[in-house]
2 protein chains.
Amino acid sequence: MRYSANHKLETREKLLDSSSTSAKKSGFSTVGVDGLMKAIGLSGGAFYSHFSSKDELFAAVVERELRQSLERLGVDQDRDKLQRCLKHYLSMSHVEHPETGCALPALGAEIARSDPMVRQQAEHWICELQESWAQVLESDSLAWAILSQCIGALVVARMLATAELQQKVLKSSYDEISRQIAGS
Amino acid sequence: MRYSANHKLETREKLLDSSSTSAKKSGFSTVGVDGLMKAIGLSGGAFYSHFSSKDELFAAVVERELRQSLERLGVDQDRDKLQRCLKHYLSMSHVEHPETGCALPALGAEIARSDPMVRQQAEHWICELQESWAQVLESDSLAWAILSQCIGALVVARMLATAELQQKVLKSSYDEISRQIAGS
DNA sequence: GTCTATACTACGATAGAC
DNA sequence: GTCTATCGTAGTATAGAC
């Protein structure tokens, strides 16, 4: 073969990286296959050596992103680490940089509209994350509630036009979550 | 004029209704002008007698939807009404029918990516809603936190593949919010 | 105001050369 | 594996008839 097996893997990784970034920034449906490939210096036609359709790429992006979210946010028996994760998650830098942030607030609606196989994947990783939080919090219910609140806070903050209000949303959620954790 | 002034208003309303519905169901960017017009029995070309661009329609949809959300969810000095609103918001029927539900979970990401004028509009109505809740709850912070949590719970639930988990997410958020309200 | 027709661009996807 | 070229469709938007 004219290209090493490693080259294909590397190209695939570059494509996944670049696609995830642009999807979180601009939405997956609004970016074309041509644009995705051009972003990594390749032509549009080369796309189909890696994925048989754009939908298949979306599934791979979601899987990869949510696995990464679990790595970043998952905790084990460490309440302080959870607090630090929350602080980082509910930060202005996260609000202002969806392209490097968590896929759940950025792609949530698109995942919700995608086919059952993708949603099954999403469910798997979301549950893993919830379970890790539930173990630390010693409450299933609280873990789901806090997970929802974090994602919601980012969605809300990103809709707002003024930075001060965005900060208010983030701080409010962080404060109320802290209260919930303390009183649990 | 061959068409009454009222006819234009009625057509515009039908278009807004239909567009809101399909945007909340399938995303605004994924629906074409042609499809939107065909849905109300008109041709694509007729669109531009009502809006000068698709973006202008999006601004109108957002304004209309968020005003409606405030009407539905806004409260005044009535803690019980807020509880009932939350119960309804955090219901399976809301999860399963984005097309008739709140625009914030369904279009949040798209609003976040839209131009500052749209986000300014969104901010206005979101703040109105938050303020009405804050008055009842006697806490600005709690109002923002609960608002975020409600929207997040819907985003999360809609991503999940199995109904039992969706119910768990809804119930968890409702229960934890109830606790927060009771203890405030 | 709505229609048909059209211009122009972009989309997802495929075929064949290298 | 990547390229160029291309097919077929669909996108936004405009022009002119009614």
| query | Where along residues 13-24 of chain B does a heavy atom fall under 4.0 Å from DNA chain D? | reply |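 Output list: empty, so none.
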
| Sub-4.0 Å heavy-atom contacts from residues 41-55 of chain B onto DNA chain C, ordered by number |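 Within residues 41-55 of chain B, the residues near DNA chain C are Gly41(B), Leu42(B), Ser43(B), Gly45(B), Ala46(B), Ser49(B), His50(B).
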
Expressed in angstrom and rounded to an integer, what is the separation of [X] atom [atom1] from [N] atom [atom2]?
| X | N | atom1 | atom2 | answer |
| --- | --- | --- | --- | --- |
| Leu36(A) | dA13(C) | CG | C1' | 14 Å |
| Met37(B) | dG11(D) | CE | P | 14 Å |
| Leu57(A) | dA13(C) | CG | P | 10 Å |
| Glu10(A) | dT2(D) | CD | P | 11 Å |
| Asp34(B) | dT2(C) | CG | P | 15 Å |

Ignoring hydrogens and geometry beyond distance, is a side-chain donor-acceptor pair present between [X] and [Y] at under 3.5 Å?
| X | Y | answer |
| --- | --- | --- |
| Gln83(A) | Tyr174(A) | yes |
| Ser184(A) | Glu138(A) | no |
| Ser173(A) | Gln149(A) | yes |

| field | Ionic contact status for Lys81(B) with Asp76(B), cut-off 4.0 Å | value |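 A salt bridge is absent here (no side-chain N lies under 4.0 Å from a carboxylate O).
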
| message | Under 4.0 Å between a side-chain nitrogen and a carboxylate oxygen: does that hold for Arg119(A) and Glu123(A)? | response |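 The answer is no: the pair does not qualify as a salt bridge.
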
Can I get a per-line list of side-chain donor-acceptor pairs under 3.5 Å for residues 26-34 of chain B, giving both atom names and the distance, sequence neighbours left out?
{"residue": "Ser29(B)", "atom": "OG", "partner": "Glu110(B)", "partner atom": "OE2", "Å": "3.4"}
{"residue": "Thr30(B)", "atom": "OG1", "partner": "Ser26(B)", "partner atom": "O", "Å": "2.6"}
{"residue": "Thr30(B)", "atom": "OG1", "partner": "Gly27(B)", "partner atom": "O", "Å": "3.1"}

| Can any side-chain N or O of His50(A) pair as donor or acceptor with the backbone N or O of Leu9(A) at less than 3.5 Å? |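 No.
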
| field | Under 3.5 Å donor-acceptor, Ser114(B) side chain and Ile111(B) backbone | value |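 Indeed, once roles are kept as given, a pair shorter than 3.5 Å links the two residues.
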
